[in-house]
Peer 1: 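Dropping a structure here in structure tokens format, bear with me for questions.
Atoms within a ligand are numbered from 1 in the order they appear, just like the ligands themselves. For reference, positions follow the sequence shown, starting with 1. These values consider heavy atoms only, across backbone and side chains, with no hydrogens, waters or symmetry-generated copies.
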Amino acid sequence: MALTEANKRQQCTVITIDGPAGAGKSTVAKELAKRLGFAYLDTGAMYRALTLKALRQKINLENEKQLVDLAHQTLINITTDDKKSLKVVLDAEDVTEPIRSLEVTQSTFYVARIAGVREVMVQRQREIGTKNNIVIEGRDTGTVVFPHATRKFYLDADSKERAQRRIKELKEKGKQVDELTIARDLEERDTKDITRAVGPLKKAEDAIFIDSTGLSIGQVVGKMLEYI
Ligand code: DC
């Protein structure tokens, strides 16, 4: 995917955080953005919002052309308040909650694996990142979206701990969870993200690897701040 002149010149400070589901990217990225006074962008929320729209319109998730057309026709606006609480607006509707449903979580892979969809999303992510100092997190933010980012991190954690974190998060939201299903789901999603042809989950060569197993959010953010 060609970089625009603006990306090559990239005047804003861009910090990327990539890694698998449950590594703690969102929590850490929000906290880091808060401490630095930067904007925060959750790229996964963009793929989730588009997937929600596709599911509602009953689009066949194997139909690449329809999904690419849908991406072009869809407005996704992601904002955060002072506390970095995320608000995701799909066209004119607040979808912050519905994009976290199990159905959306399990279906997003089908939408996110399409090259044409990723092209639209990556372009929008670059536009946001060239206007603001930003902490951006996802799977390909350091490899594809901002290969010239100021600082790149790859955040990982032991798979058992990642599953436990996800289970705790769901329980806190009052959702019923089957622990084995959550662990298996997480593993399946990782494999799919790592092995897909476009924008796979991958550590950029110049990214700093941080293993968050056994570390608190504060400790991970502290490590990152030292590097920054
Ligand atoms: O980070 P998350 O779990 O909210 O991501 C949701 C999905 O979107 C997940 O299947 C991976 C995918 N994704 C992606 O393909 N590229 C990104 N930059 C971010 C997320």
Side-chain angles (χ1 to χ4, degrees), residues 1 14-30 40-55 61 64 67-68 71 74 76 78 80 84-88 90 95-129 134-147 149 152-157 159 162-163 165-167 169-170 173 175 182-204 207 212:
M1 202 179 301
V14 175
I15 295 166
T16 62
I17 306 179
D18 292 307
K25 295 187 303 292
S26 300
T27 323
V28 163
K30 275 185 209 168
Y40 158 63
L41 182 62
D42 172 354
T43 58
M46 297 174 71
Y47 290 100
R48 284 173 179 268
L50 184 64
T51 304
L52 177 67
K53 186 167 174 181
L55 289 169
L61 298 184
E64 297 199 4
L67 288 167
V68 175
T74 301
I76 299 167
I78 302 200
T80 51
K84 301 292 169 203
S85 294
L86 199 70
K87 184 173 171 194
V88 184
L90 171 64
V95 294
T96 311
E97 274 301 310
I99 61 164
R100 304 287 161 190
S101 74
L102 189 63
E103 191 188 14
V104 172
T105 301
Q106 288 175 338
S107 307
T108 304
F109 164 75
Y110 296 95
V111 176
R113 70 181 170 166
I114 300 168
V117 167
R118 297 198 74 86
E119 228 166 88
V120 175
M121 296 294 160
V122 166
Q123 196 52 44
R124 291 183 190 169
Q125 291 156 14
R126 283 179 183 160
E127 277 162 23
I128 299 168
I134 199 170
V135 177
I136 178 169
E137 55 113 339
R139 305 296 189 283
D140 62 342
T141 63
T143 50
V144 177
V145 188
F146 287 109
K152 301 178 187 177
F153 294 101
Y154 187 90
L155 192 61
D156 206 344
S159 62
R162 291 194 287 114
R165 286 179 189 165
R166 194 40 60 97
I167 289 161
E169 200 179 292
L170 291 168
K173 285 186 187 163
K175 298 199 172 139
I182 301 285
R184 210 177 40 224
D185 249 39
L186 211 68
E187 220 168 283
E188 269 177 29
R189 283 211 288 146
D190 285 352
T191 311
K192 282 178 178 165
D193 284 344
I194 291 165
T195 54
R196 71 163 170 245
V198 258
L201 167 62
K202 192 174 152 199
K203 179 187 165 303
S212 69

Peer 1: What are the two closest non-hydrogen atoms of I136 and V14, and how far apart are they?
Peer 2: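 Looks like CG2-CG1, 4.0 Å.
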Peer 1: Does R48 reach the side chain of T105, with side-chain heavy atoms less than 4.5 Å apart?
Peer 2: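 Yes, their side chains come closer than 4.5 Å.
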Peer 1: Considering only heavy atoms from C-beta outward, does the side chain of D193 approach that of P200 to under 4.5 Å?
Peer 2: no
Peer 1: State plainly whether the residues R166 and D190 are in salt-bridge range, i.e. N to O under 4.0 Å.
Peer 2: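 Not counted as a salt bridge, because no side-chain N and carboxylate O are separated by less than 4.0 Å.
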Peer 1: Just so I know, are the side chains of V120 and T74 near enough to count as touching, which here means a heavy-atom distance under 4.5 Å?
Peer 2: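 No; the side chains remain at least 4.5 Å from each other.
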Peer 1: Please name all residues satisfying side-chain contact (heavy atoms from CB on, under 4.5 Å) with K30, sequence neighbours left out, ordered by chain then number.
Peer 2: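 With sequence neighbours excluded, K30 shows a side-chain contact (heavy atoms from CB on, under 4.5 Å) to Y40, K84, given in chain and number order.
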Peer 1: Pairs of nitrogen or oxygen atoms, one from ligand 1 and one from the protein, closer than 3.5 Å: please tabulate them with distances.
Peer 2:
{"unit_1": "ligand 1", "atom_1": "1 (O)", "unit_2": "R139", "atom_2": "NH1", "d": "2.9"}
{"unit_1": "ligand 1", "atom_1": "1 (O)", "unit_2": "R139", "atom_2": "NH2", "d": "3.4"}
{"unit_1": "ligand 1", "atom_1": "3 (O)", "unit_2": "R48", "atom_2": "NH2", "d": "3.2"}
{"unit_1": "ligand 1", "atom_1": "3 (O)", "unit_2": "R139", "atom_2": "NH2", "d": "3.4"}
{"unit_1": "ligand 1", "atom_1": "3 (O)", "unit_2": "R189", "atom_2": "NH1", "d": "3.2"}
{"unit_1": "ligand 1", "atom_1": "4 (O)", "unit_2": "R48", "atom_2": "NE", "d": "2.7"}
{"unit_1": "ligand 1", "atom_1": "4 (O)", "unit_2": "R48", "atom_2": "NH2", "d": "3.4"}
{"unit_1": "ligand 1", "atom_1": "15 (O)", "unit_2": "R118", "atom_2": "NH1", "d": "2.8"}
{"unit_1": "ligand 1", "atom_1": "15 (O)", "unit_2": "R196", "atom_2": "NH1", "d": "3.0"}
{"unit_1": "ligand 1", "atom_1": "15 (O)", "unit_2": "R196", "atom_2": "NH2", "d": "2.8"}
{"unit_1": "ligand 1", "atom_1": "16 (N)", "unit_2": "R118", "atom_2": "NH2", "d": "2.9"}
{"unit_1": "ligand 1", "atom_1": "18 (N)", "unit_2": "T43", "atom_2": "OG1", "d": "3.0"}
{"unit_1": "ligand 1", "atom_1": "18 (N)", "unit_2": "R139", "atom_2": "N", "d": "3.2"}
{"unit_1": "ligand 1", "atom_1": "18 (N)", "unit_2": "D140", "atom_2": "OD1", "d": "2.9"}

